[in-house]
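In listed order, ligands and their atoms are each counted from 1. Numbering of residues begins at 1 and proceeds along the displayed sequence. Values below: every heavy atom of this structure, side chains too, minus hydrogens, waters and symmetry copies.
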Amino acid sequence: MEFLPNTLSKKLWVFVTTTIIITIGFSFLLSHYFYEKIYVENVRRGLLEEGTKLSTEYEGGPLSSELIEKVEWYNTKNESEVFIVSNPRELSACLPFEIDYDSIIAPEERDQLLNGQSVEKMGYEERFDRDVMAVIVPLIDSNRLEGIIYLYVPLAKISELTNDFSLIGLVVGVLFVILAVYVGTIFVKKMTKPLEIMKQAAEKVTAGDYSARVPVFSKDEIGQLGTAFNLMSVSIQKEDERKKEFLEDVSHELRTPISYVKGYSEALKAGLAKTSQDQERYLALIHREAKRMERLVGDLLDLSRLDAEDFRLEMCPLPLAQLVEDCLEKYRPSLQQKGLLLNTELDPDIIVNADEGRIEQVIQNIVDNAINYTERGRITVLLSKHEKGCILSIKDTGIGIPREDIQRVTQRFFRVNKARTRSDGGTGLGLAISNKLIKLHGGELEIKSNLGKGTCISIILPVI
Ligand code: ADP
């Protein structure tokens, strides 16, 4: 297809124009063909009719001079040439051109005539420089060929017949081609214009301007392409904004611990901590902030791994009650320290197909929060069957989450009380990671909370 132009509009234009020209050319040929067919057929039928009519004048026996005169008179009045002869061999004498008997009437044609059938012939005659159409009608009496009537007429040439027609046809044809090409060009332009606009918009997006949109005028494939393009740039724009936001969040989260570390280490360097107690305190603060950054970076890495396409969970059948029990065991000291009670009610028969380490991470995150945000009362952990598999609820009697924030606690970096959670060491990423992990397991995270009364976070997981 190398010979085709390389723009769609030119290709379409070439296609439309070629189609139009071929159609017109074809209709010209077709009309010529039919015109000739109809004309020649008309001449043939006319000759045959004349011959048959004349032959009805024949009353049998040898040809009478009366009949011969009649035919001769008819010949002078008529366009076609008509002869009547009793012996076909005399025929060549009547004709104005040289021709031998055998080529006028072939032996099989003679038989045809004897049977009473007329003979039709058509052939090129040099003298007239055109085709000649001839009809021979037999005159039969008691099975004897008493004579023949020979009629012929030189045929008009196609060009003569179609001269007028050709000229008008040509003019109309040319006008039609001009009109069709004009309309075709407008049509092609209209069709390819949106594609041109789309190309420009795509170039803008490539250059980083994600706000580029295209106007959609139609519902056809091009319109649909426009809509798809707009949806694509909307999502690229959103993703871009999300990335920027994320970067801002991360730098914001890191800024505080870094300034703490910087401030306290400068103070130590400048000898501002006079007593060894002060030095200890400063060092402890530096250590706390360093740990905080370590956790933050770890959580961020976790989040980005979960977002990666090739992230895989190592699934295996897991008795969930056992895992929860082991997990809670580690919290005994901190629960005791805070004076919190722990109630558990775990269905031991529940087996889930899950990644042990990841489920443990989720449980730890939720229990961590429950202990962190509860000052008095108890923590209740329940595991039971559920219509969607099983449900593990971790309920506390802590500070609770304001109703308007419940939806947002699974968002990255969201913390209800930024100042408070800072001192708790929370990164605001724990529930975002947990939510993703549970979704990857085919389950869901459900959060219910009453401000000032407590929070209940449930993990719903499919079971084996
Ligand atoms: P963080 O590391 O800050 O705890 P999370 O993503 O685990 O981050 O939690 C997000 C926010 O949700 C917390 O900062 C806190 O404000 C709120 N939250 C989570 N769990 C509880 C809970 N059990 N009680 C009260 N608030 C909670």
Colleague: Considering Thr455, Asn435, Thr427 one by one, which has a heavy atom nearer to atom 2 (O) of ligand 1 than any of the others?
Modeller: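 Nearest heavy atom to atom 2 (O) of ligand 1 lies in Thr427.
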Colleague: Who pairs with Leu341 by side chain to side chain contact (heavy atoms under 4.5 Å, CB included), at least two apart in sequence or on another chain?
Modeller: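 If we apply the side chain to side chain contact (heavy atoms under 4.5 Å, CB included) test to Leu341, skipping adjacent residues, the hits are Arg378.
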Colleague: Applying salt bridge (Lys or Arg N to Asp or Glu O under 4.0 Å), name anything that partners Asp249, two or more places apart in sequence or on another chain.
Modeller: none
Colleague: Give a yes or no on this: more than 12 heavy atoms of other residues, nucleotides or ligands lie within 6.0 Å of atom CZ of Phe311.
Modeller: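 Correct, the count exceeds 12.
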Colleague: Hey, does Asp396 come in under 3.5 Å of ligand 1, counting only N/O atoms on both sides?
Modeller: yes
Colleague: Testing the 3.5 Å rule here: is there a donor-acceptor pair between the side chains of Gln237 and Ser211?
Modeller: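 No, no side-chain donor-acceptor pair sits under 3.5 Å.
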Colleague: Got an N/O contact under 3.5 Å between Ile399 and ligand 1?
Modeller: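 Between Ile399 and ligand 1, no N or O pair is found under 3.5 Å apart.
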Colleague: When you check the gap from the basic side-chain N to the acidic O, do Arg242 and Glu245 get nearer than 4.0 Å?
Modeller: no
Colleague: Does Ser233 use its side chain to pair, donor to acceptor, with the backbone of Ala212 at less than 3.5 Å?
Modeller: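 Yes.
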Colleague: Please say whether Ala432 places an N or O atom under 3.5 Å from an N or O atom belonging to ligand 1.
Modeller: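 In this structure, Ala432 places no N or O atom under 3.5 Å from an N or O of ligand 1.
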Colleague: Strictly under 4.0 Å, does any heavy atom of Gly400 approach an atom of ligand 1?
Modeller: yes
Colleague: Is there a polar contact between ligand 1 and Leu431, counting only N or O atoms under 3.5 Å apart?
Modeller: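 Leu431 vs ligand 1: N/O contact under 3.5 Å present.
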Colleague: In terms of atom number and element, which parts of ligand 1 are under 4.0 angstrom from non-hydrogen atoms of Phe414?
Modeller: 10 (C), 11 (C)
Colleague: May I ask you to check whether over 12 heavy atoms, not counting those of Gln337, lie within 6.0 Å of atom CD?
Modeller: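 Open.
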Colleague: Please could you name the atoms of ligand 1 that Asn365 approaches to less than 4.0 Å, counting only its heavy atoms?
Modeller: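 Near Asn365, the atoms of ligand 1 are 7 (O).
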Colleague: If the cut-off is 4.0 Å to any non-hydrogen atom of Ile401, which atoms of ligand 1 fall inside it?
Modeller: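 Near Ile401, meaning under 4.0 Å from one of its heavy atoms, ligand 1 has 18 (N), 25 (C), 26 (N), 27 (C).
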